[in-house]
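So the structure is just underneath, and the comments pick up after that.
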Amino acid sequence: MHSTGTVPQPAPAPAEISAETPTAPVEDPDGNAGRHARRFGLPVATALVMGNIIGGGIFLLPASIAPYGTVSLVAFGVLTVGAIALALVFGRLAARDPRTGGPYVYAREAFGDFAGFLAAWSYWITTWVSNAALAVAAVGYLDVLIPVNGHRWTACLAALALQWLPALANFAGTRYVGAVQLVSTVLKFVPLLLVAVGGLFFFDPDRLGPFNTSGHGAVGAVSASAALLLFSYLGVESAAVSAGEVENARRNVGRATVIGTAGAALVYLLGTLSVFGTVAHDRLVTSTAPFSDAVNTMFGGSWGGTAVALAALVSMTGCLNGWTLLSAQTPYAAARDGLFPSAFTRRRRGVPTVGVGVTVVLASLLTVYNYLSGSGRVFEVLVLVTTFTATVPYLLATAAQIFHLVAGRSEAVDRGRLVRDGVITAVAAAFSVWLMAGAGYAAVYQGVLFLFVGILVYAVMAARRQRTQPSPVEAR
């Protein structure tokens with residue numbers, strides 16, 4: 001327990017001991033390996049980062065941020081700088097400790113059990129709420145192909161189906177997760193590059209609309225729109241969270257994180273700018289499939305929009321595939337240390353199956369609740385909640401890097417890069433705090449309620465750990 005004044009240093013699990021060894025997996029009794037389980041190389045790890053970042057957000061967010069005006073493009077630029085700084089921090093932390101769990105591992109190693117639990121709990125909430133939000137976003141593009149949005153229950157059932165199909169792929173094993181992720185990442189670039197590059201030839205400044213329509217000052221408008229845009233960058237930590245499944249993790253996690261984030265940022269900025277310049281502002285504000293509308297505007301008719309909608313569905317399904325894996329990895333790492341229920345440690349074919357199952361059930365219940373509530377802006381509500389819960393593990397991971405830099409321990413800090421790492425970490429920390437502030441009162445309120453429930457869970461788990469561990473007297 002952290003209350004004794006010492007930071008627990010758990011022995012790495014077998015998967016983490018071999019994190020740098022790209023040997024072929026051998027079947028084990030725990031179901032952690034075998035022919036259906038396979039470590040991710042650099043291309044797949046990069047695809048995991050890019051696939052989880054470029055998921056549903058980019059395909060719907062141009063319409064979500066349009067009400068703020070073109071000031072949101074400024075927010076995109078600022079957000080990109082912060083996201084890349086955060087990616088570099090994760091790369092440094094993963095090089096030091098390449099275990100599965102990402103922010104949870106870094107926070108617990110630096111600050112103890114409670115901080116680690118908060119990181120794991122917040123990140124877990126982020127993953128299953130994000131899955132619900134992605135499924136809601138995907139229904140908007142499915143409606144282009146098959147009319148489903150006209151009836152609430154039809155749309156709800158479609159959103160549930162889009163969540164359960166990737167869950168089934170995860171149950172099949174990491175081999176299939178990696179294959180789906182690589183294929184869907186390649187396919188999603190077709191419509192994105194078509195709009196991002198082709199849209200520049202059809203760009204009309206008159207379609208951009210006003211600079212700031214938020215009703216706030218420029219700084220407030222940038223912060224508010226950035227809170228929505230953060231959802232587009234969730235996933236920057238993907239390789240770090242799954243570090244135990246990555247070959248040569250100390251090297252490849254950092255490389256995959258930075259390459260994936262930078263590539264996603266370039267596509268994001270060009271794609272959003274092109275949509276703003278091809279779809280009239282008043283139409284964009286009410287659009288449920290802005291990329292389809294952009295292609296229809298560029299080429300006329302509806303064939304292009306239908307093709308984009310199909311590609312967007314493939315993209316979002318691939319993103320849900322990756323996020324479903326991540327949703328189980330952090331609880332697995334925490335459960336292995338006794339901070340989550342032990343059921344979350346069960347793995348089959350390299351995948352923590354209980355974590356996948358619990359996550360998809362919770363996301364499904366949240367989806368049903370939001371459709372029952374009749375809210376007209378379900379996606380935005382879910383996005384803002386995940387914005388807050390995501391910044392908690394981001395901030396704790398960044399604080400862990402600050403701790404190592406200030407402590408100056410030789411095994412944790414590269415003194416030749418001390419100044420550079422300090423500046424990057426300061427940018428990442430400021431970025432995380434700014435995003436938390438920009439989430440808004442309602443999102444912070446709902447997010448804090450989730451965190452408080454987690455504190456009660458931690459109390460139960462800590463008591464159970466203390467009861468099962470021998471006392472100092474018994475140990476002697």
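Only this structure's heavy atoms are used, side chains among them; waters, hydrogens and symmetry mates stay out.
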(Q) Taking the six-membered ring for Trp, are F340 and F117 closer than 6.0 Å centroid to centroid? (A) yes
Q. Mind checking what makes side-chain contact (heavy atoms from CB on, under 4.5 Å) contact with S122, not counting sequence neighbours?
A. V392, P393, L451
Q | Under the side-chain contact (heavy atoms from CB on, under 4.5 Å) test, residues paired with A400 that sit two or more places apart | A | Y106, A110, F111
Q) Parallel, tilted or perpendicular for W128 and F450, by the 30°/60° rule? A) perpendicular
Q: Just say parallel, tilted or perpendicular for the rings of F344 and W124, cut-offs at 30° and 60°.
A: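 Perpendicular.
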Donor-acceptor check, side chain of [X] to backbone of [Y], threshold 3.5 angstrom: yes or no?
X	Y	answer
R108	A115	no
R347	P352	no
T359	V356	no

Q) Can you check side-chain contact (heavy atoms from CB on, under 4.5 Å) on V433 and L395, steps first, answer last? A) CA-CA 7 Å; V433 173; L395 190 58; 3.9 Å; yes
Quick check: do [X] and [Y] have side-chain heavy atoms less than 4.5 Å from each other?
X	Y	value
F276	I65	yes
L339	R465	yes
Y268	T80	no

Quick check for you: to the nearest 0.5 Å, what is the distance between [X] atom [atom1] and [Y] atom [atom2]?
X	Y	atom1	atom2	result
T398	Q401	OG1	CD	8.5 Å
L162	L320	CG	CG	7.0 Å
T425	L93	OG1	CG	8.0 Å
L366	S130	CG	OG	10.5 Å
R92	T257	CZ	OG1	13.0 Å

**Q.** Option among T127, L168, N131 that satisfies the side-chain contact (heavy atoms from CB on, under 4.5 Å) test with T324
**A.** N131
